[in-house]
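Structure record follows, encoded as structure tokens.
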There are 2 protein chains.
Amino acid sequence: MHRNNIARSGGRASSARPRLTEVAELAGVSYQTVSRVLNDQPNVRPATRRRVLEAMEQLGYAPNSAARTLASGRSLTLGVVCYDTALYGPATALIGFEQAARAAGYSVNIVSVETLTQSAILDAATRLAQQGVSGIGIISPAVSIGDAFAHMPPHIPVVSLWGPADGAIPRVVVDEAHGARLATEHLLALGHRSVSIVVGPEGHIGPDVRMRSWRETLAAHAVSPPPVLHGDWSAQSGYAAGLALADDAEVSAVFVTSDQMALGVLAALHARGRRVPDDVSVVGFDDLPEAAFFIPALTTIRQDFNQIGRRAAGILLDAPQPPAQGKNAPLVVPVTLMHRASTAPPSKLR
Amino acid sequence: MHRNNIARSGGRASSARPRLTEVAELAGVSYQTVSRVLNDQPNVRPATRRRVLEAMEQLGYAPNSAARTLASGRSLTLGVVCYDTALYGPATALIGFEQAARAAGYSVNIVSVETLTQSAILDAATRLAQQGVSGIGIISPAVSIGDAFAHMPPHIPVVSLWGPADGAIPRVVVDEAHGARLATEHLLALGHRSVSIVVGPEGHIGPDVRMRSWRETLAAHAVSPPPVLHGDWSAQSGYAAGLALADDAEVSAVFVTSDQMALGVLAALHARGRRVPDDVSVVGFDDLPEAAFFIPALTTIRQDFNQIGRRAAGILLDAPQPPAQGKNAPLVVPVTLMHRASTAPPSKLR
DNA sequence: CGAGTTTCGTCAATCGTTTAAGTTGGCACC
DNA sequence: GGTGCCAACTTAAACGATTGACGAAACTCG
């Protein structure tokens with residue numbers, strides 16, 4: 001004997017975690033049978049199964065997952081690459097992902113990336129792959145990560161949340177286009193002659209789609225689009241954009257593509273003495289829990305972040321084999337307009 | 001032979017993950033030596049080490065972590081129990097935790113709990129323990145979870161973030177008491193005769209400490225404390241509290257123990273026509289990135305969420321053996337006052 | 001150049017499972 | 001009452017590493 005396990009070698013029930021063989025012993029069967037019960041395979045008599053389960057219960061047995069994955073090749077673990085998960089949306093999606101994974105008996109490993117570059121994401125995903133996860137979710141509102149996954153560790157299904165369409169990996173997105181249309185049409189329907197826009201960082205997927213849809217909606221109403229303002233999701237950047245908007249007397253309606261930025265816009269408009277919604281109407285995007293308590297309460301587009309996470313996990317769980325990763329249609333989560341106090345008809349119409 | 005590995009049995013470099021023996025073969029050493037390099041044990045000549053590392057590089061070798069933990073008993077994985085990680089603070093702490101863990105070569109497993117009860121937390125921690133994590137962080141602003149860890153899976157170090165003092169587990173907290181004192185004294189120093197308070201949910205640790213400190217600070221200035229209002233961290237609950245405050249003409253200064261609730265308070269005061277800071281001064285707690293863009297910009301107590309997470313991971317990493325879990329002093333992260341526009345001297349003094 | 005270290009290889013056991021293949025027992029059937 | 005068969009169970013070989021003991025070759029010194 002080379003490694004003496006003191007804890008176990010001494011007499012009976014040790015404090016260490018019981019093994020499969022101990023369960024078998026207690027139940028009076030072979031360890032094989034216990035394994036059968038564990039992986040609920042057929043050919044175990046109900047009475048035997050019951051005895052085994054009782055023995056497990058009694059010993060407080062839980063299978064050693066390392067041994068399990070080693071022997072079986074299946075890890076029962078999913079990985080998530082997080083970026084900026086401190087934002088409400090991604091954080092909520094992460095929780096949703098975990099909930100769905102846990103419900104299916106999987107655990108969740110996370111790796112965060114500081115920057116949203118292809119190589120950083122690829123590194124993170126590789127880490128997870130080496131950890132042996134059986135699927136990877138990527139919370140990545142960036143445009144071009146598709147290529148990165150050409151060199152991904154082979155045979156691990158991947159799904160992106162708010163991901164780009166360029167890659168060949170499946171993705172879960174919200175109906176960005178519809179949301180932008182809802183927002184823009186809402187403002188037009190109120191009587192605004194035009195709708196300005198504050199979009200997220202260039203190169204991110206969501207903003208791009210929202211902007212395109214906004215432009216199309218304006219075009220459908222024969223409105224030529226005003227200049228586009230860019231932000232980086234932060235309230236700070238929204239404030240900067242808001243100052244620019246405030247100085248333009250033509251602006252009577254703004255679609256801000258995130259609630260955080262909308263908060264900044266509201267602050268800037270207030271600082272410049274432009275009243276909302278009297279002088280300027282503002283629509284956000286996300287429907288943060290706080291949005292209803294902005295001053296004034298923010299009209300915004302709600303997206304169900306938790307569901308995005310759940311759906312993403314679901315895709316991985318349904319695809320233990322890498323799915324047909326064609327240019328398959330993304331899973332689209334619907335959005336709805338929450339009408340609150342920050343939007344009203346332009347003053348001249350009242 | 002019982003299980004034929006088709007992929008590997010065919011000729012040379014297969015697409016499957018290389019094994020330790022393959023590295024050894026390529027480097028022209030025994031697998032023993034490779035293992036020595038891997039666990040950087042002594043007695044390997046630099047030149048040999050280099051050859052081995054090159055071979056690893058060339059094959060893209062990464063150790064199979066399941067096999068590793070099985071054989072060694074070390075898992076190189078930490079677990080985190082998350083509650084409401086969609087909130088900015090906890091989410092940021094989670095990221096910090098992961099960053100620190102990753103820097104030390106550990107990966108991070110998460111389990112979320114829907115409710116913050118002892119049993120839910122214990123279940124979650126047990127799940128993680130069964131997963132084989134070598135340390136557990138608990139993001140738990142609740143009071144009484146200490147007992148739960150009496151029956152925890154043995155010999156796994158645990159640390160709580162914003163955790164209660166009652167248990168015997170180490171914890172990382174912010175200087176709640178100092179923060180509350182800073183906030184209260186700031187308002188008193190501005191000339192307010194009294195300071196009202198809106199605290200978080202009863203039974204949570206942070207709120208309790210903050211409230212006690214607020215009370216002591218008032219006492220030190222010979223001010224008898226006004227009635228306490230309770231919220232649940234949400235802006236919604238802050239709004240409700242704010243309405244109550246707005247109706248009380250005596251109130252000229254409020255310390256709201258979270259920025260989210262402060263947002264609700266601001267909205268309620270605004271809705272009731274009470275101006276901030278002219279009629280009422282408001283101080284928050286947390287310093288969310290958005291706080292500077294509330295209307296008006298919120299004076300608040302900043303805490304470094306990321307650092308809390310990092311520190312928590314650090315404690316676990318320094319304690320591969322369960323630490324001396326006495327009533328040890330918690331690791332206290334400092335706070336600072338961010339003075340902004342929501343606080344000013346009471347109107348009668350101006 | 002011999003003694004004492006390093007360095008490295010061989011051999012072997014082990015971690016706690018899964019899983020293929022072999023063995024037993026009992027029942028039905030003709 | 002043998003034959004056949006299936007369910008139920010046992011045996012044995014992996015999975016991919018870690019770890020220990022031990023010995024042989026290769027260095028380092030005095």
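The chains referred to below are lettered A, B, ... by the order of the sequence lines, with proteins before strands, and numbering in each begins at 1. Side chains are part of it too, since the values below use all heavy atoms of this structure and drop only hydrogens, waters and symmetry mates.
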Between [options], which nucleotide gets closest to the side-chain atoms of [X]?
X: B:R45; options: D:dC27, D:dA17, D:dT10; value: D:dC27
X: B:R36; options: C:dT19, C:dG9, D:dA17; value: C:dG9
X: B:S35; options: D:dT19, D:dA17, C:dT18; value: D:dT19
X: B:R74; options: C:dT19, D:dT18, C:dG9; value: D:dT18
X: A:A71; options: D:dC15, D:dT18, C:dT7; value: D:dC15
X: B:S30; options: C:dG9, C:dT19, D:dG20; value: C:dG9
X: A:L20; options: C:dT17, D:dT18, D:dC15; value: C:dT17

Give a yes-or-no answer on whether the side chains of B:S112 and A:R102 include a donor-acceptor pair shorter than 3.5 Å.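 A donor-acceptor contact under 3.5 Å links the two side chains.
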Please report, rounded to the nearest Å, how far the [atom2] atom of [N] is from the [atom1] atom of [X].
X: A:N39; N: D:dC9; atom1: CG; atom2: P; result: 16 Å
X: B:Q130; N: C:dT17; atom1: CD; atom2: C1'; result: 15 Å
X: A:R19; N: C:dT18; atom1: CZ; atom2: C1'; result: 16 Å
X: B:L38; N: D:dG16; atom1: CG; atom2: P; result: 15 Å
X: A:Q41; N: D:dA8; atom1: CD; atom2: C1'; result: 13 Å
X: B:M56; N: D:dG16; atom1: CE; atom2: C1'; result: 14 Å
X: B:L70; N: C:dT18; atom1: CG; atom2: C1'; result: 12 Å

May I ask you to evaluate whether [X] reaches the phosphate of [N], defined as a side-chain N or O under 4.0 Å from OP1 or OP2?
X: B:N64; N: D:dC15; value: no
X: A:S72; N: C:dT17; value: no
X: B:Y61; N: D:dA17; value: yes
X: A:T33; N: D:dT10; value: yes

Counting only N and O atoms by type, is there a donor-acceptor contact under 3.5 Å from the side chain of [X] to the main-chain atoms of [Y]?
X: B:S65; Y: A:Q131; result: yes
X: B:S134; Y: B:R74; result: no
X: B:R17; Y: B:A62; result: yes
X: B:R171; Y: B:S160; result: no

Over 12 non-hydrogen atoms of neighbours within 6.0 angstrom of CD in B:Q41: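 Yes, the 6.0 Å shell around CD holds more than 12 heavy atoms from other groups.
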When all nucleic acid strands are considered with a 4.0 Å heavy-atom cut-off, which category describes [X]: base, sugar-phosphate, or nothing?
X: A:G28; answer: nothing
X: B:T69; answer: nothing
X: B:N43; answer: base

Mark yes or no for a side-chain to base donor-acceptor pair under 3.5 Å between B:Q32 and D:dG20, with no hydrogen or angle criteria applied. yes
Is a donor-acceptor pair below 3.5 Å formed from side chain B:Y31 to base C:dA12, judging by atom type as modelled? yes
Position toward the 5' end of DNA chain C (nearest nucleotide), B:A67 or B:V29: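 Counting from the 5' end, the first nearest nucleotide belongs to B:V29.
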